[in-house]
**Q** 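A single structure is presented below for examination.
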There are 2 protein chains.
Amino acid sequence: MVDEALSAGAAARRLGVAVTTLRTWHQRYGLGPSAHEPGQHRRYTADDMNRLQIMQRLTAQGVAPAAAAAWAGNRPPAVPVPEQAAPRPESAVRGLAGAAMRLDAQVMRDILGSVVRERGVVPAWTEVMTPVLIGIGNRYQSTQRFVEVEHLLSRIITEVLASVQQAAGPPRIMLAAADEEQHTLPLEALAAALAEARVPSRLLGARVPPGALLDAIARTGPAAVVLWSQRPATGSVDQLTRVRDNPHPPFVVAAAGPGWPTGDLPLGITRLTGLAEAVHLLTLA
Amino acid sequence: MVDEALSAGAAARRLGVAVTTLRTWHQRYGLGPSAHEPGQHRRYTADDMNRLQIMQRLTAQGVAPAAAAAWAGNRPPAVPVPEQAAPRPESAVRGLAGAAMRLDAQVMRDILGSVVRERGVVPAWTEVMTPVLIGIGNRYQSTQRFVEVEHLLSRIITEVLASVQQAAGPPRIMLAAADEEQHTLPLEALAAALAEARVPSRLLGARVPPGALLDAIARTGPAAVVLWSQRPATGSVDQLTRVRDNPHPPFVVAAAGPGWPTGDLPLGITRLTGLAEAVHLLTLA
DNA sequence: CGGAGCTTGCGTCGATTTGTGCGTCGATTT
DNA sequence: AAATCGACGCACAAATCGACGCAAGCTCCG
């Protein structure tokens with residue numbers, strides 16, 4: 001019950017910090033009640049409390065408070081997915097599927113290239129690439145043919161996604177497939193979408209064993225790490241916790257893909273449930 | 001977005017060097033934060049970071065650090081990539097290997113891109129890509145680390161090779177990996193080399209089962225077919241003969257890669273033993 | 001071909017700066 | 001009257017500072 005306005009003391013008690021600390025956070029990092037006039041008492045809404053909890057979780061993980069606050073601060077209230085608006089992806093889907101069956105790489109490149117250029121990476125992925133991939137996959141599953149169609153399609157998609165120009169500057173986001181996990185196309189889409197938003201990232205590739213992953217993290221110190229798991233067999237949670245419990249842990253450790261266990265993930269692990277949401281979250285890191 | 005003011009540690013982490021190294025660069029070459037008073041902590045602005053990145057990119061290409069620092073030091077921040085004298089293959093190998101170990105995708109792309117542009121696909125493949133791939137592969141074989149380095153390198157090579165513009169027109173050459181064969185990088189190199197010679201080709205991809213291959217041949221009627229086999233386990237000869245004995249056989253059926261049996265191949269099957277030779281032969285087809 | 005000498009990246013050490021949570025105080029809000 | 005506000009300050013820990021040194025990779029020279 002209760003909502004619509006926690007006082008400073010109540011909020012502090014709920015979070016287990018001193019009242020003065022909340023004031024300090026507000027003054028130093030701007031992390032306070034969204035609407036507050038100087039001199040008046042602070043009123044923490046549910047949204048504000050969410051922000052504070054993120055702040056707390058990150059700092060508990062060892063993130064520097066200033067960085068944690070910056071991260072938790074300009075973070076809109078969950079629930080993303082604006083999505084939609086369609087000039088007609090349907091014809092692109094049909095054309096792409098046809099070109100794929102004819103093994104016509106050039107036309108495939110043209111179609112995908114123009115979709116990415118005109119509508120952006122995220123719609124291209126969710127409304128064109130994914131449907132066609134699934135369609136071909138189904139055909140392949142029933143008959144034993146069309147493997148080569150599937151491979152060619154994957155290759156062209158990889159090519160088109162890779163052609164999205166990476167922004168300059170050192171990447172602070174690391175993307176990797178879980179141990180034994182072969183699929184990387186979704187990660188490539190994420191990398192391309194981030195590149196489109198001028199956020200550089202580092203895509204390690206398929207089948208990254210935990211040791212190599214930790215090694216790479218230690219060597220490059222990313223601000224965020226995304227692990228993709230396609231099948232439950234590759235979604236072992238301790239890969240995530242080992243990343244989190246690093247000496248220099250990333251600000252954000254995120255799990256993406258259907259392979260991870262449903263239900264709650266360990267503390268400090270973020271679940272990404274869609275490409276749009278992932279981009280939104282990671283561009284803030 | 002007024003976050004610019006990186007601490008020494010943060011700057012070092014983003015560049016992938018040790019904190020002490022940044023201090024050394026400052027002391028030895030004067031390459032440090034533009035405004036810094038002795039005793040105070042260093043604050044690296046975006047401009048400073050740009051300078052450091054130039055420094056890093058130059059050294060990665062084999063430039064002596066002292067010279068690189070002098071060059072990066074008094075230089076307006078606007079110019080990103082100097083792209084100076086043609087890198088000798090040897091220094092390109094060294095620089096590429098270093099960038100790969102640092103997981104620096106941007107520098108890898110720059111190096112490979114310029115090598116391909118200035119020397120062509122074939123030398124780039126035989127003198128730079130192959131040596132570094134083998135070198136990293138060896139390291140990976142002994143220790144269990146560096147898988148991620150290998151994957152990233154493969155990905156970047158794929159990317160660079162794919163960026164070689166395909167010539168227009170219907171492809172009459174089909175390239176495919178043998179059944180169960182995972183490796184396609186050599187085929188990608190071949191496709192790129194052909195593209196460079198303005199010969200369009202069709203690269204099917206990895207693990208093409210015989211049925212799918214015959215199917216694809218029937219649907220597109222290529223003049224030449226190249227099958228790649230990396231390991232003897234995937235080099236079963238009847239894949240070749242079945243292609244040859246098609247109702248509408250290609251003019252040329254070629255076997256490439258170390259997986260095929262040594263000694264004589266069946267009648268009408270050509271063996272390709274090198275990239276240069278393959279390009280030469282296929283451009284005549 | 002081997003060793004002297006140079007450059008260079010980086011680990012270590014004691015001293016100092018900086019970041020951070022929170023207690024205290026007089027004034028103001030609820 | 002109780003709770004909170006803004007300002008100030010303090011203690012503690014983390015990060016960084018400057019100095020020094022070492023080892024690996026060169027270049028040159030006998």
Side-chain angles (χ1 to χ4, degrees), chain A residues 4-33 35-44 48 52 55-56 58-73 218-219 221 246-249, chain B residues 3 5-33 35-44 48 52 55-73 88 90-91 93-95 97-99 101-102 104:
Chain A
E4 310 303 343
L6 281 179
S7 76
R13 208 165 304 126
R14 198 149 307 198
L15 293 170
V17 298
V19 199
T20 31
T21 302
L22 286 190
R23 244 180 295 145
T24 305
W25 284 359
H26 192 185
Q27 293 169 201
R28 285 186 184 153
Y29 316 124
L31 188 68
H36 172 247
E37 301 171 39
Q40 310 295 101
H41 283 194
R42 292 171 176 79
R43 286 297 153 82
Y44 290 90
D48 300 327
L52 291 177
M55 167 78 174
Q56 211 184 204
L58 290 178
T59 50
Q61 234 175 278
V63 180
W71 217 86
R219 294 217 305 285
N246 233 10
H248 282 284
Chain B
D3 47 350
L6 287 179
S7 75
R13 202 168 306 133
R14 297 206 183 352
L15 293 171
V17 299
V19 198
T20 33
T21 302
L22 286 191
R23 247 180 293 146
T24 304
W25 285 359
H26 192 184
Q27 294 168 197
R28 287 187 184 153
Y29 317 123
L31 188 67
H36 172 246
E37 301 171 38
Q40 309 297 96
H41 285 192
R42 292 172 175 78
R43 285 299 149 80
Y44 290 90
D48 300 325
L52 291 177
M55 165 80 172
Q56 208 181 210
R57 199 161 297 181
L58 288 178
T59 53
Q61 286 183 346
V63 181
W71 209 88
R88 294 171 309 188
E90 159 199 314
S91 77
V93 167
R94 193 184 308 268
M101 293 306 289
R102 297 200 316 276
D104 190 335

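Protein chains get the first letters and strands the later ones, always in sequence-line order, with residue 1 at the start of each.
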**Q** Side chains of B:Y29 and B:P65: does their closest heavy-atom pair fall under 4.5 Å?
**A** yes

**Q** Take atom CD of B:Q27 and atom P of D:dG21, then tell me their distance rounded to the nearest Å.
**A**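 Distance check: B:Q27 CD to D:dG21 P gives 14 Å.
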
**Q** The criterion is side chain to side chain donor-acceptor pair (under 3.5 Å); which residues satisfy it with A:H26, sequence neighbours excluded?
**A**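 By the side chain to side chain donor-acceptor pair (under 3.5 Å) rule, A:H26 matches A:R42.
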
**Q** Starting from the 5' end of DNA chain C, give me the residue, A:H41 or A:Y29, whose nearest nucleotide shows up first.
**A**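 It is A:Y29 whose nearest nucleotide is closer to the 5' end.
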
**Q** Can you tell me how far C1' of D:dG6 sits from CD of A:Q40, to the nearest Å?
**A** 13 Å

**Q** Starting at the 5' end of DNA chain C and moving along, which residue's nearest nucleotide shows up first, B:R23 or B:G39?
**A** B:R23

**Q** Can you find a pair of side-chain heavy atoms, one from A:L22 and one from A:L52, that are under 4.5 Å apart?
**A** yes

**Q** Considering just the side-chain nitrogens and oxygens of B:R42, establish if one lies under 4.0 Å of OP1 or OP2 belonging to D:dC17.
**A**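 The answer is yes; a side-chain N or O of B:R42 sits under 4.0 Å from OP1 or OP2.
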
**Q** Kindly say whether A:V17 contributes a backbone atom to a donor-acceptor pair with the side chain of A:T21 at under 3.5 angstrom?
**A**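 No: the side chain of A:T21 does not pair with the backbone of A:V17.
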
**Q** Can you confirm whether A:L6 sits close enough to A:R43 that some side-chain heavy atom of one is under 4.5 Å from a side-chain heavy atom of the other?
**A** no

**Q** Can you give me the closest heavy-atom contact between A:G32 and A:D48, atom names plus distance?
**A**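 Result for this residue pair: O-OD1, 3.9 Å.
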
**Q** Minimum heavy-atom separation for A:Y44 to A:A11, with atom names?
**A** CD1-CB, 3.8 Å

**Q** Is it the case that the side chain of B:T24 and the backbone of B:T20 share a donor-acceptor pair, with hydrogens and angles ignored and the cut-off at 3.5 Å?
**A** yes

**Q** Bend across the helix from C:dC1-D:dG30 to C:dT30-D:dA1, to 10°, with axes taken over 5 pairs at each end?
**A**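 Computed angle between terminal axes is 40°.
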
**Q** First contact, last contact: which nucleotides of DNA chain C are these for chain B, 5' to 3', heavy-atom distance under 4.0 Å?
**A** C:dT8 to C:dG19

**Q** By nearest heavy atom, map A:Y44 and B:T20 onto DNA chain D; which one lands nearer the 5' end?
**A** A:Y44

**Q** What is the nucleic acid contact for B:H26, judged by heavy atoms within less than 4.0 Å: base, sugar-phosphate only, or nothing?
**A** nothing

**Q** If you measure from CH2 on B:W71 to CG on B:L31, what distance do you get to the nearest 0.5 Å?
**A** 13.0 Å

**Q** Mind calculating the distance between CG (B:L22) and P (D:dT16) to the nearest angstrom?
**A** 10 Å

